[in-house]
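Heads up: numbering here begins at 1 and tracks the sequence.
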Amino acid sequence: MAKKRVLFINYSLHSGGIEKSLVTVLSLFDYENYEVDLQLFANDGLFLSRVSPKVNLLPPLFPAEYKFNIRQAFFALIKKGHPLIALCRLLVTFAGLRGTMGERLARMWNVEKRFIRPSQKEYDAVVAFMEGQPIYYAVTKVKSPVKIGFIHGDYTAMGLNSGFDRAFVGKLSALCTVSESCKTALENTFPEYSDRFHVIYNIISSTFMRRMAEEPADFEDDFSGLRILSIARLSHQKGLDLALPAIAALKEKGLRFKWYIIGIGPEKENLEAMIRELGIGDTVRFMGERPNPYPYLKACDIYLQPSRFEGKSIAVDEAMVMCRPILLTDFSTARDQIDSGRNGLIVPMDSEGVAAGLEELLLQEEKRAEFSQALAQCDYTNEEEIEKLYALLNH
C-alpha cells in the first residue's frame, strides 16, 4: 500500500514549547505508513538539528534574510535578488505595528498571501502546527482533502482575532489543542464548529528526558545557594516582568537564592533594564538557549512559571517529570497541570503573589520535598497520544 503523504507546517524551530512538541511528534512518527514533508517559514532554530532524518525538509517559504530587522532585511533581500520579498517585508513591518496579536497576524497575512508561493505538491493531509500564518497557509496555499490545525494556547487569552479566523476554522477538518480548558475556549468562541475540536496532549517521554538529564548542568557560576529556574521565551506572555519585583523584595529580606532563565525573546532588553533598576543583577541570570535543558531542571530547587497565559505548558510538564517543586501564577490552564498545595503552588498573577509563593518554597525545605514526592508518584509518559493524530489524518 502506498504511503500517505503528510505536510507539517510551522514558523521555525526556535527553542519554544511548540517547536519542541513538533520535533517530538516527528521523532515518534510512523514512517512505515507515512511520507512526511516539513514546511517552515524560516529554516532556522535550535531544534532544526533534532528533526528526524526521515523527514523531508522543504526549502523555507522566506529567504533567511527575511527575519533580519527591517533596515537590514530590506537591502539584504534586494541584494540577494528578492525585490518582491523585500517589498513584502516592508509592508509586513507596517502591518504589525499596532493592535492585538490577532489583528497584527491578520494584517500581516493579508500582505504575505500576495507574495508567498503555494505548495508545489498535493498531500493526503496537512498539519498546521501553530495558530496564525501556518493555519492560514495550510487553508489557502496547500492542496489536501484533510486539513488539521493546532492552537497551543487559550484562544481567548491569546488575543487572537476570531472575526478573521472564523473562515479558516470553517475550512479545517479538525482543530487540535492541548488541554480541556483550551478546548472549552475554542467551543465558546466558535460554537458552530465545536465537533471539529480535539484535545491532543503534549507528548512526554519520561525515559528520554531522564536520560538527557544525566548530562552535567553548567550554571556558569559557583553559586551554592538555592536555584530557581524558568524555561521561557522572553516575551510579555511569560510574565517574567511580574516576577522581577518579587525577586527584588526577597533579596531585600536577605534570602539567599538565584534565578536562572533559559530562553531568548523580544523582551530581553526591557527585562535587563528592569533588573538594573531593581538592583538585582547578581540574583538573575539569563542563560540564553540550551539544546538540553533537562540537566538544569534536575539540578534546580524550584521551577517558576509566572505566565500571564498558557495552553498546557510543556516546560511545566517537564518540571513535573523531573519532580521539581513548581510555582505557577494563576493563569487559566494552571489547574490543568498542578494541584495547588499537593504537588506545587499556584499564586495570584502579580508580584506580591509570586513573592509570597517563592518565600514559602525557599524557606520550607520540607514543603519542597513533599511536592517532589507527590510528583514522583505519577508517570507522565503519554506517547500513545500520537494515535489521536493518526486517527485524524486517516479521517
Side-chain angles (χ1 to χ4, degrees), residues 9-19 39-48 58-119 128-142 149 151-153 155 157-168 232-238 240-241 263-274 288-289 308-309:
I9 305 169
N10 207 50
Y11 281 115
S12 69
L13 287 177
H14 283 293
S15 59
I18 293 170
E19 292 80 4
Q39 178 68 77
L40 300 173
F41 281 67
N43 283 6
D44 60 19
L46 192 68
F47 293 147
L48 199 60
L58 299 174
L61 290 173
F62 288 120
E65 296 79 9
Y66 192 85
K67 71 177 184 293
F68 297 168
N69 71 53
I70 183 58
R71 284 197 184 96
Q72 293 174 303
F74 186 76
F75 295 108
L77 287 164
I78 287 175
K79 200 172 172 185
K80 280 284 180 81
H82 304 295
L84 286 177
I85 299 296
L87 175 62
C88 174
R89 182 68 179 81
L90 182 65
L91 295 173
V92 160
T93 302
F94 291 122
L97 283 178
R98 63 183 198 287
T100 64
M101 182 166 95
E103 288 163 352
R104 294 198 308 275
L105 287 176
R107 283 197 304 269
M108 288 157 76
W109 178 249
N110 281 335
V111 172
E112 287 171 334
K113 70 182 181 185
R114 301 170 197 282
F115 296 88
I116 207 165
R117 66 172 188 272
S119 169
F129 210 69
M130 193 174 177
E131 71 283 343
Q133 269 70 345
I135 288 179
Y136 305 154
Y137 183 84
V139 167
T140 58
K141 302 281 186 177
V142 182
I151 290 184
H152 291 259
Y155 189 93
M158 291 165 78
L160 295 170
N161 184 342
S162 58
F164 186 77
D165 287 346
R166 182 165 268 103
F168 293 94
R233 181 167 158 75
L234 309 184
S235 65
H236 179 74
Q237 173 198 340
K238 298 298 180 180
L240 302 169
D241 58 306
I264 58 171
E267 286 294 304
K268 187 175 183 192
E269 283 182 22
N270 293 339
L271 292 168
E272 285 177 332
M274 271 188 85
E289 289 185 305
R308 289 181 165 88
F309 61 91

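- Taking all atoms of both residues into account, the shortest heavy-atom contact from Asn43 to Pro60 is ND2-CD, 3.4 Å.
- Between the CD atom of Gln39 and the CG atom of Leu58 there is a distance of 5.0 Å, given to the nearest 0.5 Å.
- Met158 places a side-chain heavy atom less than 4.5 Å from the side chain of Ile151.
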Check your understanding: Can you list the steps and then say if Leu46 with His14 is a side-chain contact (heavy atoms from CB on, under 4.5 Å)?
Key -> CA-CA 5 Å; Leu46 192 68; His14 283 293; 5.9 Å; no
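- No more than 12 heavy atoms of other residues, nucleotides or ligands sit less than 6.0 Å from atom CZ of Arg98.
- The two residues Phe47 and Gly16 come nearest to each other via the heavy atoms CE1-O, 3.6 Å.
- Note that SG of Cys88 is 3.5 Å distant from OH of Tyr66, once rounded to the nearest 0.5 Å.
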Exercise for review: Verify side-chain contact (heavy atoms from CB on, under 4.5 Å) between Leu271 and Lys268, making sure each step is shown before the conclusion.
Suggested key: CA-CA 5 Å; Leu271 292 168; Lys268 187 175 183 192; 5.6 Å; no
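- Nearest heavy-atom pair across Asp241 and Met274 is O-CE, 3.5 Å.
- Using cut-offs of 30° and 60° on the angle between ring planes, the pair Trp109 and Tyr137 is perpendicular.
- Donor-acceptor pairing under 3.5 Å is lacking for the side chains of Thr100 and Arg104.
- One distance of note links CG of Leu40 with CG of Leu61; it measures 8.5 Å at 0.5 Å rounding.
- Taking each heavy atom of Ile135 and Met130 in turn, the nearest pair found is CG1-O, 3.3 Å.
- In this structure, Phe164 has its ring center under 6.0 Å from that of Tyr136.
- Within the 4.5 Å cutoff, the side chain of Pro63 has heavy atoms near those of the Leu77 side chain.
- Atoms CD and NE2, on Glu65 and His82 in that order, are 6.0 Å from each other to the nearest 0.5 Å.
- When all heavy atoms of Ile18 and Phe129 are compared, the pair lying nearest together is O-CE2, 3.5 Å.
- Atoms CG and CD1, from Leu234 and Ile264 in turn, are 7.5 Å apart once rounded to the nearest 0.5 Å.
- When side chains are defined from C-beta on, Phe41 counts as touching Ile9, because their heavy atoms get closer than 4.5 Å.
- Shown here for Pro134 and Ala128, the closest heavy-atom pair between the two residues is O-CB, 3.3 Å.
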Review point. Where do Tyr155 and Glu131 land on the side-chain contact (heavy atoms from CB on, under 4.5 Å) test, with the steps shown first?
Key: CA-CA 9 Å; Tyr155 189 93; Glu131 71 283 343; over 6 Å; no
Review point. Yes or no on side-chain contact (heavy atoms from CB on, under 4.5 Å) for Leu105 and Asn161, after CA distance, side-chain angles and deciding distance?
Key: CA-CA 8 Å; Leu105 287 176; Asn161 184 342; over 6 Å; no
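- Taking 4.5 Å as the limit, some side-chain heavy atom of Leu91 sits within range of a side-chain heavy atom of Phe115.
- The backbone N or O of Gly263 lies less than 3.5 Å from no partner atom in the side chain of Arg233, so there is not a single donor-acceptor pair.
- Here the straight-line distance linking atom CG of Leu240 with atom OG of Ser235 works out to 7.5 Å at 0.5 Å rounding.
- Lys113 places no side-chain N or O within 3.5 Å of a backbone atom of Lys141 that could act as its donor or acceptor partner.
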